[in-house]
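Take a look at the structure below.
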2 protein chains.
Amino acid sequence: MFSQTVEYALRAAVYLAQRRPDPVTTENIAQATKVPQAYLAKVISSLVKAGLVKSQRGVGGGVTLVRPPEDVNILEVVNAVDPIKRITTCPLDLMTHGMKLCPLHRRVDNAYAMVENAFRSTTLAEILAEPGQSVPLCEVPTVEPSSSAVVPAKPNHRMPLEVEVAAPAD
Amino acid sequence: MFSQTVEYALRAAVYLAQRRPDPVTTENIAQATKVPQAYLAKVISSLVKAGLVKSQRGVGGGVTLVRPPEDVNILEVVNAVDPIKRITTCPLDLMTHGMKLCPLHRRVDNAYAMVENAFRSTTLAEILAEPGQSVPLCEVPTVEPSSSAVVPAKPNHRMPLEVEVAAPAD
DNA sequence: CATGAACCGGACAACTGTATCCAAAAAATG
DNA sequence: CATTTTTTGGATACAGTTGTCCGGTTCATG
């Protein structure tokens, strides 16, 4: 139901929130979030245009979340790249309906409203702070019985990884 | 957020519920719901395959809602043409996440769940029975002070009501 | 059994979303 | 000022969605 673009934008936003206030290159984000690099660049450009992130060219540059994660809700991210368009007028152009939606479209629009509200009340900080074991996007190291195996795959871009705490699959 | 196909399918379903148990031709539905006839045929074919409506060829044929409107919820209609796909596994293929979604995808999937639940608990009958003034898809007659104007535009395919009132070109 | 009404299915066109590539512009650094 | 790093934007390709067209099939009716 949500577009691929929305998915990518959310991943990037969460990752940027993690790394804030450090600037991160799009390639870095692309690797960490497993999003096609070139396409991610376009998506991020939308976030820039929306004023959610700022970009800095050149060495040591990259993109940064402008506001603190507590002040950014995920509806803003979604709307920046692929706005949820509420139903404001009758899709059938029945002018006697006017602003008043018929029962069908009222229900559909209510669904939109629910999603909007849920997303508006969810901040990036909230997602990062989730008490669960794992950092949102990152692989979480599992404790291998015999091998020691605690080696970050890519030491060059530090991601805040985390220890699994015996959370068996539900 | 919902596809055009979903919108069309819902219109058709509501209209078929109105007209049940009479069979209605796709052309009839197309006109009443303002959906491109040829494309609507495809959409309806999906509803047939899903077992929601049955079709009958030849004169006096058409399509009919199989179950009574009280027993059909709109989630079934949506899923028949463009299924809501819940997030069951980590979209990043992080296998250590397994079945357990990260905080981000948990929220997104929760949004899907909310929509699913809302739609599952809404029947076609409920939409038809809405106490408001208007029959779901149809133009509603407004009381014009001076003009009497009660002329059905298209007498050949009876829809439950009509009367265009002073509709200036948009 | 001929006719017309209606659905069915495949082929095709147009448009949008997704994705890739590359050159240009901007910024830091020496 | 040259070089390197990075974003930016354009051109293009590919795929999925939306929409159209048409011949074929099924069915009721006389």
Side-chain angles (χ1 to χ4, degrees), chain A residues 1-12 16 19 22-66 78-85 91 156-157, chain B residues 1-12 15-16 19 22-66 78 80-85 91 156-157:
Chain A
M1 216 164 67
F2 293 107
S3 68
Q4 198 66 20
T5 304
V6 162
E7 164 75 20
Y8 292 164
L10 286 174
R11 288 190 206 174
L16 284 176
R19 303 284 300 267
D22 296 337
V24 191
T25 70
T26 61
E27 190 188 356
N28 189 328
I29 306 176
Q31 287 183 4
T33 60
K34 296 194 179 175
V35 172
Q37 195 272 333
Y39 189 62
L40 179 66
K42 310 261 182 220
V43 176
I44 289 189
S45 132
S46 293
L47 297 180
V48 171
K49 289 196 189 87
L52 283 176
V53 312
K54 68 168 181 287
S55 63
Q56 173 64 31
R57 299 208 234 199
V59 206
V63 300
T64 324
L65 201 61
V66 285
V78 171
N79 280 339
V81 297
D82 198 356
I84 293 179
K85 39 187 188 311
N156 56 338
H157 78 288
Chain B
M1 216 165 65
F2 294 106
S3 68
Q4 198 66 21
T5 304
V6 161
E7 164 75 20
Y8 293 164
L10 286 173
R11 287 190 207 173
Y15 186 70
L16 284 175
R19 304 285 300 267
D22 296 337
V24 190
T25 69
T26 60
E27 190 188 356
N28 190 327
I29 306 175
Q31 287 183 6
T33 61
K34 297 194 179 175
V35 172
Q37 195 273 333
Y39 190 62
L40 178 66
K42 310 258 181 221
V43 176
I44 289 190
S45 133
S46 294
L47 297 180
V48 171
K49 288 195 189 87
L52 284 176
V53 313
K54 67 168 181 286
S55 63
Q56 173 65 32
R57 300 207 234 198
V59 258
V63 300
T64 324
L65 201 62
V66 285
V78 170
V81 296
D82 198 355
I84 293 179
K85 38 188 188 312
N156 58 339
H157 78 286

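No hydrogens, no waters, no symmetry mates; every other heavy atom, side chains included, goes into these values. In what follows, every chain begins at residue 1, and chains take the letters A, B, ... in the order their sequences are listed.
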Review item, nucleotides 17-19 of chain D N/O atoms under 3.5 Å of protein N/O:
| unit_1 | atom_1 | unit_2 | atom_2 | d |
| --- | --- | --- | --- | --- |
| D:dT18 | OP1 | B:Gln4 | N | 3.0 |
| D:dT18 | OP2 | B:Thr5 | OG1 | 2.4 |
| D:dG19 | OP1 | B:Tyr8 | OH | 3.3 |
| D:dG19 | OP2 | B:Tyr8 | OH | 3.1 |

Could you tell me how far apart [X] ([atom1]) and [N] ([atom2]) are, to the nearest whole angstrom?
| X | N | atom1 | atom2 | result |
| --- | --- | --- | --- | --- |
| A:Glu27 | D:dT6 | CD | P | 8 Å |
| A:Leu40 | D:dG9 | CG | C1' | 16 Å |
| A:Asn28 | D:dT6 | CG | C1' | 13 Å |

Task: Inter-residue atom distance A:Glu27.CD - A:Gln31.CD, 0.5 Å rounding - done: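 Going from CD on A:Glu27 over to CD on A:Gln31, the span is 5.0 Å.
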Open item on the list: Please report the interatomic distance CG(B:Leu65) to CG(B:Asp22), rounded to the nearest 0.5 Å.
Closed with: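 Here the interatomic distance stands at 12.0 Å.
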Task: Distance-only side-chain donor-acceptor flag, B:Arg19 / B:Tyr15, under 3.5 Å - done: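 Yes, B:Tyr15 and B:Arg19 have a side-chain donor paired with an acceptor closer than 3.5 Å.
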Task: Set of residues satisfying side chain to side chain donor-acceptor pair (under 3.5 Å) with respect to A:Asp82, sequence neighbours excluded - done: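 Side chain to side chain donor-acceptor pair (under 3.5 Å) list for A:Asp82, sorted by chain: A:Ser3.
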Open item on the list: Just to be sure I understand the geometry, which residues of residues 43-57 of chain A put a non-hydrogen atom under 4.0 Å away from DNA chain D?
Closed with: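 Under 4.0 Å from DNA chain D: A:Ser55, A:Gln56, A:Arg57.
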Review item, side-chain donor-acceptor pairs of residues 45-52 of chain B, under 3.5 Å, at least two apart:
| unit_1 | atom_1 | unit_2 | atom_2 | d |
| --- | --- | --- | --- | --- |
| B:Ser45 | OG | B:Lys49 | NZ | 3.0 |

Open item on the list: Going 5' to 3' along DNA chain C, which are the first and last nucleotides with any atom under 4.0 Å from a heavy atom of chain B?
Closed with: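 Listing 5' to 3', DNA chain C meets chain B from C:dG4 to C:dA11.
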- [ ] Compare all side-chain heavy atoms of B:Val35 with those of B:Ile29 and state whether any distance is below 4.5 angstrom.
- [x]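 No. Closest side-chain heavy atoms not under 4.5 Å.
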TODO: Go through the structure and list residues passing side-chain contact (heavy atoms from CB on, under 4.5 Å) with B:Pro36, not counting sequence neighbours.
DONE: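 So B:Pro36 forms a side-chain contact (heavy atoms from CB on, under 4.5 Å) with B:Tyr8, B:Tyr39.
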Open item on the list: Holding to side-chain contact (heavy atoms from CB on, under 4.5 Å), I want the full list of residues that pass it with A:Ala30, two or more places apart in sequence or in another chain.
Closed with: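 Result, side-chain contact (heavy atoms from CB on, under 4.5 Å) vs A:Ala30: A:Gln37, A:Leu40.
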Open item on the list: Strictly by side chain to side chain donor-acceptor pair (under 3.5 Å), give each pair with a member in residues 53-65 of chain B just once, sequence neighbours left out.
Closed with: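 Every pair satisfying side chain to side chain donor-acceptor pair (under 3.5 Å) with a residue in residues 53-65 of chain B: there are none.
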Task: Nearest heavy atoms of A:Thr33 and A:Ala12, plus distance in Å - done: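 Closest heavy-atom pair between A:Thr33 and A:Ala12: CG2-N, 4.4 Å.
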